[in-house]
Amino acid sequence: MQFRTLARIDLNALTHNISVIAKLAPQSLLMAVVKANAYGHGLASITPALATADAAGVATLEEATTLRANGWQGRLVLLQGFANVAELDAAIELETEVVVHQHSQLELLATRRDSFKQRLWIKLETGMNRLGFPADQLNAILQQLQQYPLGLMTHFASADEPDNSSVLAQISRFEATVAGIDLPKTLANSAAILNYPQAHGDMVRCGLMLFGVSPLAQGCGANLGLRPVMRFSSRLLAVKACQAGDLVGYNGTYSCSENMPIGVVAIGYGDGYPYLASSHTGEKSAMLMLKGVKCPIVGRVSMDMLSIDLRPLQALGVQAESGDEVILWGPELPVENLACSIGSIPYELLCGLTGRVNYQYHEDGTS
Ligand SMILES: Cc1ncc(COP(=O)(O)O)c(C=O)c1O
C-alpha cells in the first residue's frame, strides 16, 4: 500500500545512536529519555530498541505504562514525579524511580512509607527556575528521605551553548550543594553530553540525540556520528504549469516570477508539518526533497497540502509526476535545517506529527 504520509523509523539507527552516546559519556550510565511518544517516533514500537540503554526516562505515567506494557523491565524514571496519591500508587505499581522537586510530594510519600521501594531523585534548583528544591533545603530533605535509595539531579537551561556562563554557574552551584554526599548524580541532557563533559555525572539523560538529531544550534546529527531515526515523507498530488504572475495558495502570497512548474504535496499542518514553513518573500525558504533535489516551498502551508517550486528539478531535466515521493525530513534532509529556517527547534517538529501520519518500523538499516 502507498501511504499518503509516512514516518519510517529505523530501529537500527536508534541502537547505533545509543552506542555513539555511550562512547561520548563512557563513565556514565545512559538514561534514554523517551517522553512525548519517544519524541514523536512511537514509544510502543521503539521500546525493544532501547535494550542497550541503562534506564528509560519519561514525563508521564501513561508513558511509563506504555514502556512496561511493551516489555521494558529495566530502570524507569518518572521525570515529572507525581502530583497526587493516585499517581504515586501508579508509580509504585509500575516500579518507577521518581523525581521529587517539591514538598507536597514528600508529604504524599510519607503516606506510602512502606510501599515505595525505588530510587527517589531529588531535583535541585541551580538556575533554570523550573523544577527543583533550593540548595539550602537539601540537608533537611536528605534527613527526611533517609530510608529510600536516593539520587541527586539538576537540569541545565542553556547547555546547547558551549562555555555558557550560566551553565558553568549551575554546575558550580550543584557541585557546591552536593559536595561530600555519596549519592548518584545526574545533570546532563543531550547538549550537555556534548558541551559539558565535566557534568556527565553518574548517569546522562539523553533524548534528542537518541533519534539522530543534534541539540546544537549549528550542524546536524550526522556531524556527530549519529543517524537520523525518522524519515518523514509524503507524495506529490499534482504538477501544475503556472504562468508568470500566477498567485499560489491561500491569500496568493507567492507570485510566479516566470512560467514555472509548481508541485502540490500532500502534507500540511493537519499532519504536523509547520505552518511557519510557509514562504515569506525575502526569507530563507524551507526545502523539501524530490528525486534527490531540494525544492523550496512557495506560498502558504495549508491543512493538507503545500506547494513547491519544481524549477530546480526542471533545470536538471528531471520530470516530476503525481505520486512521486517527497521527503519532508530525514537522513538526506536534516530536520535541524527546517527548524533553523523557520525559527523552531527539531524537538517541536518531531513531537508535532499528528495521528494522521502512518508509521513503519524497520531494522534493515535503510531509511
Ligand atoms: C529533565 C530532563 N532531562 C533530560 C531531558 C532530555 O533532553 P534532550 O532531549 O535535550 O537530551 C529532558 C528533555 O527535555 C528533560 O526534561
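Both backbone and side-chain heavy atoms feed into the values below; hydrogens, waters and symmetry mates do not.
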- Using a distance-only test with no angle check, is there a side-chain donor-acceptor pair under 3.5 angstrom linking R205 and H155?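 Per modelled atom types, R205 and H155 side chains form a pair under 3.5 Å.
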- Message: Checking N251 against T253: is there a side-chain donor and acceptor pair closer than 3.5 Å?
- Response: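 No donor-acceptor contact under 3.5 Å links the two side chains.
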Hey, any chance [X] and [Y] share a hydrophobic cluster, counting ILVMFWY side chains that come within less than 4.5 Å of each other, even indirectly?
X	Y	answer
F133	L145	yes
V239	L237	no
Y148	V100	yes
L333	M230	no
L109	L124	yes

Any donor-acceptor pair under 3.5 Å from [X] side chain to [Y] backbone:
X	Y	answer
D202	S28	no
N37	C351	no
E95	Q118	no
Y196	D163	yes
W72	R75	yes
S279	S285	no
T111	E107	no
T186	M153	no
T96	V77	no
D304	G268	no

Tell me the closest heavy-atom pair linking [X] and [Y], and the distance in Å.
X	Y	answer
V301	P274	CG2-O, 3.7 Å
G81	V98	CA-CG1, 3.9 Å
P162	N195	N-ND2, 3.7 Å
P346	V213	CB-CG1, 3.6 Å
E63	A36	OE2-N, 2.8 Å
L224	L194	CD1-CD1, 3.8 Å

Is the number of heavy atoms from other residues, nucleotides or ligands under 6.0 Å of [X] [atom1] greater than 12?
X	atom1	result
E258	CD	yes
Q198	CD	yes
Q147	CD	yes
Q80	CD	no

Passing candidate, side-chain contact (heavy atoms from CB on, under 4.5 Å) with [X], options [options]:
X	options	result
C295	V265, V326, I308	I308
F232	V357, I327, L338, L6	V357
L50	L11, L30, L67	L67

Give, for atom [atom1] of [X] and atom [atom2] of [Y], the distance between the pair rounded to the nearest 0.5 Å.
X	Y	atom1	atom2	result
Y250	S278	OH	OG	12.0 Å
L88	L61	CG	CG	9.5 Å
I267	L236	CD1	CG	12.5 Å
L138	Q143	CG	CD	11.0 Å
T126	I171	OG1	CD1	9.0 Å
Q73	T47	CD	OG1	12.0 Å

How about [X] and [Y]: do any of their side-chain heavy atoms sit closer than 4.5 Å?
X	Y	answer
M287	N337	no
V85	R112	yes
V335	P228	no
W121	H101	no
T15	I18	no
I193	C206	yes
L79	M31	yes
N164	F156	no

- Task: Determine the interplanar angle of the Y273 and W329 rings, folded into 0 to 90°, and report it as parallel if under 30°, tilted if 30 to 60°, perpendicular if over 60°.
- Result: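 Parallel: the ring planes of Y273 and W329 meet at under 30°.
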- Residue pair L210, L14: steps toward the side-chain contact (heavy atoms from CB on, under 4.5 Å) verdict: CA-CA 6 Å; L210 292 174; L14 182 51; 3.9 Å; yes
- Please report the C-alpha distance between L310 and M260 in whole Å, then the side-chain angles of each, then the deciding distance to 0.1 Å, and finally whether the side-chain contact (heavy atoms from CB on, under 4.5 Å) criterion is met. CA-CA 7 Å; L310 291 174; M260 58 192 278; over 6 Å; no
- Message: Would you say the rings of Y359 and H41 are close, in the sense that their centroids are separated by under 6.0 Å?
- Response: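 Between H41 and Y359, the centre distance exceeds or equals 6.0 Å.
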- Message: Among R8, K291, R231, exactly one meets salt bridge (Lys or Arg N to Asp or Glu O under 4.0 Å) together with E325. Which residue is that?
- Response: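 One option only clears the test, and that one is R231.
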- Task: Assess whether side-chain contact (heavy atoms from CB on, under 4.5 Å) is satisfied between F211 and V34, documenting all intermediate values.
- Result: CA-CA 10 Å; F211 303 103; V34 288; 4.3 Å; yes
- side-chain contact (heavy atoms from CB on, under 4.5 Å) between T5 and N358, intermediate numbers included: CA-CA 6 Å; T5 54; N358 301 286; 4.3 Å; yes
- Message: Does this structure show an ion pair linking K240 with D246, if we count only N-O contacts that are shorter than 4.0 Å?
- Response: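 Here K240 does not pair with D246 in a salt bridge, since their nearest N and O are not under 4.0 Å apart.
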